[in-house]
There are 2 protein chains.
Amino acid sequence: MDKSALNFDSPVPLYRQLADLLRREISEGQHAVGDRIESEHSLAQRHTVGRPTVRQATDMLVREGVLQRRRGAGTFVLPTTERVDLFSLVGTSEALRAVEARCELLSPPTLRHNTPIGTAYALQRKYSVQDEVLLLEDIWLDATFFPRLEQHELAGQSLSRLVREVYHREPDRAEQRFAIVDSDPLMGAGPLLSVHRRLHFGEHLDKVHAVLLCRTETFQFTQTITTTRP
Amino acid sequence: MDKSALNFDSPVPLYRQLADLLRREISEGQHAVGDRIESEHSLAQRHTVGRPTVRQATDMLVREGVLQRRRGAGTFVLPTTERVDLFSLVGTSEALRAVEARCELLSPPTLRHNTPIGTAYALQRKYSVQDEVLLLEDIWLDATFFPRLEQHELAGQSLSRLVREVYHREPDRAEQRFAIVDSDPLMGAGPLLSVHRRLHFGEHLDKVHAVLLCRTETFQFTQTITTTRP
DNA sequence: TCAGACAAGTTGTCAAGACAACATGACTTG
DNA sequence: CAAGTCATGTTGTCTTGACAACTTGTCTGA
């Protein structure tokens, strides 16, 4: 990186441009995880800006979890943290991948009128390993919020991705309630862990309901959760 | 507010002191939701600090969702959004308040060397209603990360608040694992829901471990969870 | 009375500078 | 060779200063 790529005539503030540039360099592999990037003083000189401007840029990346500053040592690239996906908060995808669970759509989306959230598409998924059912999930998606869902291929498809790419929706909050139940017709005798979950999309509340069942002796139900970050 | 309460001899940076002071004023009702607080220039004069120092303080509160800055207009108090508190992700505070559960510290923080996270302060909390134990929680806090914890009064005190105000730490991620257990000496026969939780503070991983037990027939264990927001 | 212009106030961005508190590496001494 | 010291480099905190971009209120003219 020999020359500054900052555009001093742009309406985009310099610190944002620099943050974008650094973020890009990192994602392009110019700086590996654990690498120390150039010092603030050096970046300021290279880009012909003041050090506080550099700090504003690196502040942004620190808050995004991309960089970590260590006083006296420098500024380092952090590993990319796995984004919490509220749709597959079934447990971690890793846990399911580790046991090579097979996901099966038991029933295609069916329009129902008497669901927990009114008129909704109902569907059921099963995760199993060698014919042992690890997880059972019933899902209801608001029919008005997700129009014509039945037209989309769901088998072998990530629901989260479909909702994001087709409907341009992404849940930002969820509520979950835990219970222990005695038994389930498909899973057999208990005790079974039941997780009742409601997903919200901004101000659109309760647009997805899900009920999940699993047996905790055979399946380690784990989650990564975060606090809100304004 | 006639006189600055900032201690210029304190090792606590001025901007943190000012942020704490403003946060306190707001929580004490000195500024109502929607109120405009003093201008940055005015605050700087009043507290005999520079404007960038005031901005650092208000930056913190903006990021906490306490304040909102509007260019040209001023800085305003936001409604308190129910913050996901990873410490008391015990269920919602509301659920506990609704049943007027009593929180009792069973043992004060005791320094232990063989805990799940090495040398840590161990403590135990019990939530009960009319002598029925709803919830039992064992907590370990890293002794190096939270030095001299035993010197602080914990009974009837929010752990989350203490960690924030005394140690200026706030967990940003947690991992939780669910299991169903048969019984517990204090809670009796099962099945009981067990939640094993690990809290992370930025790049400082596993600084708090907690294990929580409850009986889901008598206590509705719910959580609000969010996705990360870059 | 209403709309437009202008002034004053406020936040957003940016600079140069300084010192404190730390980390790291090199050198010296036992 | 290991431990201690010192020098250099780096981030953290803080200052004064300036101008841009906006908001809000007031005044004037139609």
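Every chain is numbered from 1 and lettered A, B, ... according to where its sequence line falls, protein lines coming before strand lines. The basis for the numbers below is simple: all heavy atoms, side chains too, and nothing from hydrogens, waters or symmetry mates.
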Does [X] have a side-chain nitrogen or oxygen under 4.0 Å from the phosphate oxygens OP1 or OP2 of [N]?
{"X": "A/R69", "N": "D/dG12", "value": "yes"}
{"X": "B/R36", "N": "C/dT10", "value": "yes"}
{"X": "B/T75", "N": "C/dT10", "value": "no"}

Nearest whole angstrom, please: distance from the [atom2] of [N] to the [atom1] of [X].
{"X": "B/H47", "N": "D/dC14", "atom1": "NE2", "atom2": "P", "value": "14 Å"}
{"X": "B/E40", "N": "D/dT16", "atom1": "CD", "atom2": "P", "value": "15 Å"}
{"X": "B/R70", "N": "C/dT10", "atom1": "CZ", "atom2": "P", "value": "14 Å"}
{"X": "A/Q45", "N": "C/dA15", "atom1": "CD", "atom2": "P", "value": "13 Å"}
{"X": "B/L61", "N": "C/dT11", "atom1": "CG", "atom2": "C1'", "value": "16 Å"}
{"X": "B/H41", "N": "D/dT16", "atom1": "NE2", "atom2": "P", "value": "10 Å"}
{"X": "A/M60", "N": "C/dG12", "atom1": "CE", "atom2": "P", "value": "14 Å"}
{"X": "B/Q56", "N": "C/dT13", "atom1": "CD", "atom2": "P", "value": "15 Å"}

Here the residues of residues 9-16 of chain B within 4.0 Å heavy-atom distance, strictly under, of DNA chain D are B/P13, B/L14, B/Y15
Does B/H200 use its side chain to pair, donor to acceptor, with the backbone of B/D206 at less than 3.5 Å? yes
Please check if the side chain of A/T119 supplies one atom and the backbone of A/A143 the other of a donor-acceptor pair under 3.5 Å.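 Checking the backbone N and O of A/A143 against the side chain of A/T119, no donor-acceptor pair under 3.5 Å is found.
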How would you list, by chain and number, every residue that makes a ring pair (Phe, Tyr, Trp, His ring centres under 6.0 Å) with [X], sequence neighbours excluded?
{"X": "A/H31", "answer": "none"}
{"X": "B/H41", "answer": "none"}
{"X": "A/Y15", "answer": "none"}

5'-most by nearest nucleotide on DNA chain C - A/F76 or A/T53: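 That would be A/T53.
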Output all residues satisfying salt bridge (charged side-chain N to carboxylate O under 4.0 Å, His left out) with B/R51, sequence neighbours left out; order by chain, then residue number.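 If we apply the salt bridge (charged side-chain N to carboxylate O under 4.0 Å, His left out) test to B/R51, skipping adjacent residues, the hits are B/E40.
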Pairs: protein N or O with nucleotides 20-22 of chain D N or O, under 3.5 Å:
from: D/dA21; atom 1: O4'; to: B/R71; atom 2: NH1; distance (Å): 2.8
from: D/dA21; atom 1: O3'; to: B/R71; atom 2: NH1; distance (Å): 2.8

Using the ring of each side chain (for Trp, its six-membered ring), is B/F221 parallel, tilted or perpendicular to A/F178, with breaks at 30° and 60°? tilted
DNA chain D: 5'-proximal contact among B/V54 and B/R51 (nearest heavy atom): B/V54
Answer yes if the ring centres of B/F201 and B/F145 are under 6.0 angstrom apart, and no otherwise. yes
A/H47 vs A/L21 side-chain heavy atoms within contact, under 4.5 Å: yes
For atom CZ of B/R16, decide whether the heavy atoms of other residues, nucleotides or ligands shown that lie under 6.0 angstrom number more than 12.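 Yes, because the 6.0 Å sphere around CZ of B/R16 holds more than 12 heavy atoms from other groups.
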Could you check which of D/dT10, D/dT15, C/dT11 has an atom nearest any side-chain atom of B/P52?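 Closest nucleotide to the B/P52 side chain: D/dT15.
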Students often get this wrong, so: under 4.0 angstrom with heavy atoms, is B/R55 touching a base, only sugar-phosphate, or nothing? base
